[in-house]
Amino acid sequence: MTRVVLDTNIIISGRLWGGAPRQIMQAIGDQKFKPIISEALLEELTEVLGRPKFAERQQKIERTPAQIVEEYLQIAEVVEPVTFSQTIVEADPDDDAVIACAVGGQADAVVTGNIHLLNLGSYETIHIWDVHQFLAFLSD
């Protein structure tokens, strides 16, 4: 089964809104791929979901940040990221956490809306796709 790191922006968009990110979240339920995540990315997800700008959407879907994270943990595999000796994403070194998770979890792809990651295109054998590229891959 295809192993995929969904960046925080994709998880949040897919849980709180509709559109292409929601289709990706639905594809998990259809077992079209296995999402993987690291502890560092879980911490980021928890922190970002706790921002006030998401509170109204969370009320609308009747979920707290903790519930959203817990629901994601029920479907995702937590993996040990690798440690890099040098920066991979020069434009934003914090994004290295996504690549470290992908490498450590032997991911086939990363799905993101982050331009710094998308500009890489790939890392080793790992594809870095936006939501539309990933949905096209799933439909093949």
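No experiment lies behind these values; they were computed from the predicted model shown.
To the nearest 0.5 Å, atoms CG (Asp96) and SG (Cys101) are separated by 12.5 Å. Interatomic distance, CD1 of Ile68 versus CG of Leu49, reported as 5.0 Å (0.5 Å rounding). Between the CD atom of Glu44 and the CD atom of Glu39 there is a distance of 13.5 Å, given to the nearest 0.5 Å. For the atom pair CD1 of Ile61 and CH2 of Trp17, the computed distance is 9.0 Å after rounding to the nearest 0.5 Å. For the atom pair Leu45 CG and Thr8 OG1, the distance stands at 5.5 Å (nearest 0.5 Å). A distance of 5.5 Å separates CD1 in Ile11 from CG in Leu6, rounded to the nearest 0.5 Å.
Looking at heavy atoms from C-beta onward, Val4 lies in side-chain contact with Val111 at the 4.5 angstrom threshold. Between Thr112 and Trp129, every side-chain heavy-atom pair lies at or beyond the 4.5 Å cut-off.
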Before you tell me yes or no, could you show the steps for Val5 and Ile37 under side-chain contact (heavy atoms from CB on, under 4.5 Å), namely the whole-Å CA-CA distance, both residues' side-chain angles and the distance that decides it to 0.1 Å?
CA-CA 6 Å; Val5 176; Ile37 194 165; over 6 Å; no
Taking it one step at a time, do Gln26 and Arg22 satisfy side-chain contact (heavy atoms from CB on, under 4.5 Å)?
CA-CA 6 Å; Gln26 289 168 337; Arg22 171 68 54 85; 3.9 Å; yes
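For the residue pair Asp95 and His116, the shortest heavy atom distance occurs at OD2-CB, 3.5 Å. Closest non-hydrogen pair, Gly113 versus Asn9, comes out as N-OD1, 3.1 Å. The minimum heavy-atom distance linking Leu16 with Phe54 is given by the pair CD1-CD2, 3.8 Å. The shortest heavy-atom contact between Ala136 and Ser139 is O-OG, 2.9 Å. Taking every heavy atom of both residues into account, Val110 and Val98 meet most closely at CG1-CG1, 3.6 Å. Residues Leu135 and Ala20 approach most closely at CD1-CB, 3.6 Å, considering heavy atoms.
A donor-acceptor distance shorter than 3.5 angstrom exists from the side chain of Thr64 to the backbone of Gln67, with no hydrogens or angles considered. Side-chain atoms of Gln133 come within 3.5 Å of backbone atoms of Asp130 as a donor-acceptor pair (strictly under, hydrogens ignored). Under a 3.5 Å cut-off, the side chain of Ser13 and the backbone N or O of Ile10 do not form any donor-acceptor pair. Formation of a donor-acceptor pair under 3.5 Å by the Ser38 side chain with backbone atoms of Leu41 is found in this model. A donor-acceptor contact shorter than 3.5 Å is absent between the side chain of Lys34 and the backbone of Ala107.
Considering Val82, Leu117, Ile126 in turn, Leu117 is the only one that fulfils the side-chain contact (heavy atoms from CB on, under 4.5 Å) rule with Ile99.
Applying the side chain to side chain donor-acceptor pair (under 3.5 Å) rule to pairs touching residues 69-86 yields Arg3-Glu77, Arg15-Glu71, Arg63-Glu71, sequence neighbours excluded.
Taking the six-membered ring where tryptophan is involved, the planes of Phe33 and Phe134 are perpendicular, since the angle between them exceeds 60° and thus also 30°.
Cluster annotation: Met25 and Val78 are assigned to the same hydrophobic cluster (Ile/Leu/Val/Met/Phe/Trp/Tyr, side-chain heavy-atom contacts under 4.5 Å, transitive).
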